[in-house]
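Every chain is numbered from 1, with letters handed out A, B, ... down the list of sequences.
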Amino acid sequence: MGFFEKVYNAVRKIPKGRVATYGQIARLAGDPRKARIVGWALHSNPYKGEVPCHRVVNRNGNLSGAFAFEGMDEQKRLLEMEGIVFEKDGSVDLKKYKWDDK
DNA sequence: CTTTTGACTGAGT
DNA sequence: AACTCAGCCAAAA
């Protein structure tokens with residue numbers, strides 16, 4: 001299984017109403033240092049619609065922003081729909097919502 | 001083939 | 001707390 005597939009698999013396992021960081025996903029995929037590759041993997045997003053990319057945020061809890069599926073508003077809306085509450089600056093509270101794996 | 005770039009992170013200043 | 005630096009590695013040019 002390639003790294004990309006592990007990434008997709010890990011992202012798929014993120015519980016509803018939770019978010020995970022790239023580093024966390026990278027760790028689950030077996031290589032904590034490949035956080036950037038996780039970004040690439042999701043950017044490629046071959047499993048678009050199947051992998052909940054909207055639940056993956058950077059270490060600050062900021063959404064990937066810029067582009068995404070239909071648009072960043074869509075991404076935010078999806079998270080809010082799952083119960084995630086955003087801060088004024090548009091970031092999520094990782095203390096509350098970071099996926100507690102292990 | 002080499003170089004640049006980027007949905008990142010952690011340590012250092 | 002904010003900013004910088006360096007390491008990481010795959011895809012695109």
Polar side-chain atom of [X] near backbone of [Y] as donor-acceptor pair, under 3.5 Å:
{"X": "A:Asp89", "Y": "A:Ser91", "result": "yes"}
{"X": "A:Asp93", "Y": "A:Lys95", "result": "yes"}
{"X": "A:Tyr8", "Y": "A:Ala41", "result": "yes"}

Separation of [N] [atom2] from [X] [atom1] (nearest whole Å):
{"X": "A:His43", "N": "B:dC8", "atom1": "NE2", "atom2": "P", "answer": "11 Å"}
{"X": "A:Arg59", "N": "B:dA7", "atom1": "CZ", "atom2": "C1'", "answer": "14 Å"}
{"X": "A:Leu42", "N": "B:dG6", "atom1": "CG", "atom2": "P", "answer": "17 Å"}

Can you list, by residue number, the residues of residues 19-30 of chain A that have a non-hydrogen atom closer than 4.0 angstrom to DNA chain B?
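Residues of residues 19-30 of chain A under 4.0 Å from DNA chain B: A:Thr21, A:Tyr22, A:Gly23.
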
Would you say CZ of A:Arg12 has more than 12 non-hydrogen atoms from neighbouring residues, nucleotides or ligands within 6.0 angstrom?
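Counting other residues, nucleotides and ligands, CZ of A:Arg12 exceeds 12 neighbours.
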
In terms of relative ring orientation, are A:His43 and A:Trp40 parallel, tilted or perpendicular, with 30° and 60° separating the classes?
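Aromatic pair A:His43/A:Trp40 classed tilted.
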
Does the side chain of A:His54 come under 3.5 Å of the side chain of A:Glu82 through a donor N or O and an acceptor N or O?
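A:His54 vs A:Glu82: donor-acceptor pair found between side chains.
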
Letter per nucleotide, 5' to 3', of nucleotides 8-13 of chain C [B base touched, S only sugar-phosphate touched, - untouched; heavy atoms, 4.0 Å]:
BBBS--

For the pair A:Arg77 and A:Glu80, find out whether any cationic side-chain nitrogen is under 4.0 Å from an anionic carboxylate oxygen.
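Salt bridge flag = no for A:Glu80 with A:Arg77.
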
Contacts of A:Asp101 that satisfy side chain to side chain contact (heavy atoms under 4.5 Å, CB included) - sequence neighbours left out:
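Applying side chain to side chain contact (heavy atoms under 4.5 Å, CB included) to A:Asp101 gives A:Gln24, A:Arg27, A:Leu28, A:Trp99.
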
